[in-house]
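Following: one structure in structure tokens, then a few remarks.
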Amino acid sequence: MSDQKRLFLVDAYALIFRGYYAFIKNPRINSKGEDTSAIMGFMNSLLDVIKRERPDHLAVCFDKGGSADRVEMFEAYKANRDATPDGIKTAIPYIYEILKAMHIPIMVKEGYEADDVIGTLAKKAEKEGYKTFMVTPDKDFAQLVSENIFMYRPMFGGGYETWGIPEVQKKFEVTDPLQVIDFLGMMGDASDNIPGLPGVGEKTAKKFLAAYGSMENLLANTHELKGKMKEKIEANGELGLLSKKLATIMLDVPVDFNEKDFEMSEPDIPKVTEIFQDLEFRRLIDNFLKTFSAEAIAPKTETSQKQDAPKTTPKEEKSAGEGQFSLFGAAPSDSAQTETTSEYTRKTIETTSHFYQSVAPGMATTLFVKNLLNQTSVCFDTETTGLNPLTAELVGIAFSWETGKGFYIPFPQEKEDAQNLIELLRPFFENEQIEKIGQNLKYDIKVLAKYNVDVKGKLFDTMLAHYLINPDMRHNMDVLAETYLNYTPVSITELIGKKGKNQLSMRDVPIEEQTEYAVEDADITLQLKEHFEKELGEANTQKLFDDIEVPLLRVLAAMELEGINLDKDFLNSLSKDLTKDISNLKQEIYAAAGQEFNIASPKQLGIVLFENMKLVDKPKKTKTGQYKTGEDILSYLAKDHEIIQKVLDYRGLAKLKSTYVDALPLQVEPSTGRVHTDYMQTVAATGRLSSNNPNLQNIPIRTERGRQVRKAFVPRDENYTLLAADYSQIELRIIAALSKEETMIEAFKNGEDIHASTASKVFGVPLEEVTREQRSNAKTVNFGIIYGVSAFGLSNQTDLSRGEAKELIDTYYENYPKLRAYMSEQVDFARDHGYVQTVLGRRRYLKDINSRNAVVRGAAERNAVNAPIQGSAADIIKIAMINIYNKLSHGNFKTKMLLQVHDELVFDVYKPELEDMKTLIKTEMENAFVMDVPLDVEVDTGLNWLEAH
DNA sequence: CACATGTGCAA
DNA sequence: TATTGCACATGTG
């Protein structure tokens, strides 16, 4: 068995797509501007397979020209597929070139899909006594599995799972893998546009297979079925048979299996290295050389086929590559660095590349802090028992101030002991002179605040730095380390497991591992800082970083710790009312539909409305083939069918209840009795904040019923009142100022109602004769302009026809010519520079601005106009927040800033301070940033958030 | 239990 | 075929 010859057949496109999308948020772009994500992703997978399995026979299979046969059978076949992304198209020639240089056979057959080629080869190889592994994540291949043919599926997060006959039997609930074809034929496949039997999903398909065994047998016995299902299946027998054919992998592709052609041979190492160098794949070169180095190719006899659930194995590779680390009782004394530190360390973890120590309790810590206080700039990272800083307890703190070296202070579980330990560290944290470096410092600051420690001094947050360098990318430390340091740190998952059932607490991890993990993070963060410092200077965003984002981090930490008071009782009574109304509507809907179903399920609702009730001739469908049942679609139908309005009302109330009325009380933090949102400072690509757990930036206001929720947000107690301060039309003011459009600027300077003023101009009527409808349409255009609306979009948003909408937009630009000029300047700037920027120099890169795809390019052009506007508004309110926060703290006011909702700030105002606050807040907001257009802020107060508007 | 989809809330 | 977000219920692997 173990010496059976093994053949690996790689499904190229499947792995290429997978690789490409794995990097979608942080695409690999080399210095020539090429997107190399797809190549990188594919090569990683391929080298991984080779390294793990050491196959003696291997080929990579590509599609070419699609499946002529299948399209002939069914013209819609794969018609749902989006166009192949550019990043993949450009990758293919490179991948061919690399595979050739690696001397890896490539299999393509014009007019056949890789599935068919792989299937045919696998069956032929089986006859030759081979054991074949099909390397693909695509479950369709399960139909080919036999005693000697396996699926080798790459898993997300590393590792592989092998599917043999037992796995396929279990997954698909079949006795024979061939029945997978019947299964796919019955339930269909949206991505391949295989229709399947209508009304049959996974569950029904499994039920049918258990009862009838095959599509044919099911169709022959439809008399045993009942009701709607019987009708539908009897009517669609042919569709079922066609679907089955489409799902069948062909085994008669004209290719030969000559085993010689598939033998792995020595790659042309210089050539491959050259290509990789050209692509700037430094880490992949190492990986490649390691994979093909002389000792690495030592033959492997046993396959690593696994029987059960997938197991990941990255850990062993890592230590194998870097050498096992060793543990010493004390630091070696032959190094100058350790001489000074060995006195207080109890464990040293040393590998070829780093030197991490944990600090023993007692006197040792005092000595350590003394050393710490001699530094000018220190990176630190707290380890805690959880993710909620209000309840998390310190497990340890890592420190690093020199690349490759660092220290870890484990914290005792006992509260008093922990507090005593943090007291020893207080002089460091509260030292104004020492710069503190970290990744997501807002978290650490909040945790330490719970121990009454105030982190002072200059801050450098690597997450914020990277957000300014490129806001569209992701900013987790893991991806930053991979992108900038070519290093994969130990993941938290490896340490404490996946979240859920038996996830460990950091406390349960042995100190040595805590040290290794925590100090590594601090070490890496320190290295990232060196990197980003330069880039911030280059991008001229240093000021934005130092003057806005870093100071704001402290402001947000304070707001989050503060939280807001919520009237739970009020929400509970709202909930009771909603329950009653929802239940009544539900009964009315069932009665109108003549059946019971789940109204909240778009799938079921679509079938009831459009198949059973046939309310519309040609209902619109989503890209996955479901009926569209969105609010905009249903609203059109409301006047014709009474059930529609009821469904809309039901939806509205159900949304209100589940998302706000019932969810918010559960978010009250027991330890404070308040709701603490978490502001994300590095999520929105334009520079806005976002809010979550709970999201307090989307509390309803537009409908009467919805806005009641705002009554639940109340002041701290009777000595306080809520104050809300809103920027009035800040985005329009910004676009007016940036474009220097005099008419609009004048309107703002004169304090006119801007939408009425616009209506007066575009409809050519005196200001006082503007109708409500005209104003409303003008308002829609004003907002639409900021987003880059089209005539189509505008006509959808208003009652206007497409032609009227076009005319309105044209007239608009005639009246505001500089606005249009400004917009095209932004697009031109983006084309020339690859980015646009806000008033404070916050950049957004628009890689698609020169795309040949008009849809993609259009989206980038709208971003070029919108990002500076939305982003400048974000900049301005951030300035205001910082200034207000500073005045509130320096003046020792009891008033607290609680919430930010993009153009609004909400405060808990101590009543005696109310008059001062009204002035202070309004003044600071209006003067945060001076432009040719005045900023206007409306301030209001009340017993709750609704009244304060 | 994790993820995708459709839907809908805000500025 | 309008920008930026987050969260819910459902459905699926």
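Proteins get letters first, then strands, A, B, ... in listed order; numbering begins at 1 in each.
Applying the salt bridge (charged side-chain N to carboxylate O under 4.0 Å, His left out) test to A/D649 and every residue at least two apart in sequence or in another chain returns nothing. A/E825 is linked by a salt bridge (charged side-chain N to carboxylate O under 4.0 Å, His left out) to nothing, counting only residues two or more places apart in sequence or in another chain. Residues passing the side-chain contact (heavy atoms from CB on, under 4.5 Å) test with A/S728, sequence neighbours excluded: A/R733, A/D936, A/E938. When the side-chain contact (heavy atoms from CB on, under 4.5 Å) test is applied to A/N863, the partners found at least two apart in sequence or on another chain are A/R844, A/L846. For A/Q797, the side-chain contact (heavy atoms from CB on, under 4.5 Å) partners at least two apart in sequence or on another chain are A/T780. Listed by chain and number, the residues in a side chain to side chain donor-acceptor pair (under 3.5 Å) with A/Y20 amount to none (sequence neighbours excluded). The side-chain contact (heavy atoms from CB on, under 4.5 Å) check on A/V901 picks up A/Q697, A/E904, A/W945, with sequence neighbours excluded.
In this structure, CG of A/N777 is placed 18 Å from P of C/dA2, rounded to the nearest angstrom. One can place CG of A/N782 at 17 Å from P of C/dT3, the figure rounded to the nearest angstrom. One atom, NE2 of A/H902, and another, C1' of C/dG5, lie 6 Å apart when rounded to the nearest Å. Atoms CZ (A/R844) and C1' (C/dG5) sit 12 Å apart, rounded to a whole Å. With rounding to whole Å, A/I582 atom CD1 is found 13 Å from C/dC8 atom C1'. Remark: C1' of B/dT7 and CG of A/L648 are 12 Å apart, rounded to the nearest angstrom. Rounded to whole Å, the distance from CD on A/E861 to P on C/dA2 is 14 Å. Rounded to whole Å, atom P of C/dC6 lies 11 Å from atom CG of A/L689.
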Which donor-acceptor pairs under 3.5 Å do side chains of residues 680-688 of chain A form with protein atoms, sequence neighbours excluded?
unit_1, atom_1, unit_2, atom_2, d
A/Q681, NE2, A/E549, O, 2.8
A/Q681, NE2, A/E549, OE1, 2.8
A/T686, OG1, A/Q870, OE1, 2.8

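A/R688 contributes a side-chain N or O that forms a donor-acceptor pair with the base of B/dA11 under 3.5 Å. Evaluation of atom-type donor-acceptor distances gives no pair under 3.5 Å for the side chain of A/E904 against the base of B/dA11.
Residues from residues 869-879 of chain A that place a heavy atom under 4.0 Å from any atom of DNA chain C, listed by number: A/Q870. Within residues 693-700 of chain A, the residues having any heavy atom closer than 4.0 Å to DNA chain B are, in order of number, A/Q697, A/N698, A/I699, A/P700.
Note on A/R707: nothing from the nucleic acid sits closer than 4.0 angstrom, heavy atoms only. Residue-level contact check: A/L656 touches neither bases nor backbone, having no heavy atom under 4.0 Å from any strand. Residue A/N863 is in sugar-phosphate contact alone, with no base atom involved, counting any heavy-atom pair closer than 4.0 Å across all strands shown. A/G793 comes within 4.0 angstrom of nothing in the nucleic acid, heavy atoms only. A/V865 comes within 4.0 angstrom of no nucleic acid atom, judged by non-hydrogen atoms across all strands. As judged by a 4.0 angstrom heavy-atom cut-off over every strand, A/S795 is placed among residues making no nucleic acid contact.
For B/dA11, the OP1/OP2 oxygens have a side-chain nitrogen or oxygen of A/R702 closer than 4.0 Å. Of the side-chain N and O atoms in A/R651, none sit less than 4.0 angstrom from OP1 or OP2 of B/dG6. Considering only side-chain N and O atoms, A/S690 lies under 4.0 angstrom from the phosphate OP1 or OP2 of C/dC6. Taking 4.0 angstrom as the limit, A/T629 places none of its side-chain polar atoms (N or O) nearer than this to OP1 or OP2 of B/dG6.
Side-chain contact, A/T677 with A/S691: a donor N or O sits under 3.5 Å from an acceptor N or O.
For A/T659, taking side-chain heavy atoms from C-beta onward, the closest of the listed nucleotides B/dA11, B/dG8, C/dC8 is C/dC8. Picking from B/dA11, C/dC6, C/dA2 the nucleotide with the shortest atom distance to the side chain of A/R862 gives C/dA2. Closest approach to the A/N692 side chain among C/dT4, C/dT1, C/dC6 is made by C/dC6 (side chain taken as heavy atoms from C-beta onward). When each of B/dG8, B/dG6, C/dT1 is scored by its nearest atom to the side-chain atoms of A/R802, the top-ranked nucleotide is C/dT1. Listed candidates were C/dT4, B/dA11, C/dT1. Nearest to the side chain of A/T686 is C/dT4.
No salt bridge links A/E947 with A/R710; every basic N to acidic carboxylate O contact stays at or beyond 4.0 Å. Of the charged side-chain nitrogens involved, at least one lies within less than 4.0 Å of a carboxylate oxygen, so that A/D875 and A/R842 count as a salt-bridged pair. Using a cutoff of 4.0 Å between basic side-chain nitrogens and carboxylate oxygens, A/D581 and A/R705 are scored as salt-bridged.
Listed by first then second residue, pairs satisfying salt bridge (Lys or Arg N to Asp or Glu O under 4.0 Å) with a partner in residues 657-669 of chain A read A/K657-A/D662, not counting sequence neighbours.
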Are any protein N/O atoms closer than 3.5 Å to N/O atoms in nucleotides 11-13 of chain C? If there are, list each pair with its distance.
unit_1, atom_1, unit_2, atom_2, d
C/dG11, OP1, A/S601, OG, 2.7
C/dG11, OP1, A/Q604, NE2, 3.3
C/dT12, OP1, A/K603, NZ, 3.0
C/dG13, OP2, A/E202, OE1, 2.0
C/dG13, OP2, A/E202, OE2, 3.4

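Ring geometry for A/W163 versus A/F172: interplanar angle over 60°, hence perpendicular rather than tilted (30 to 60°).
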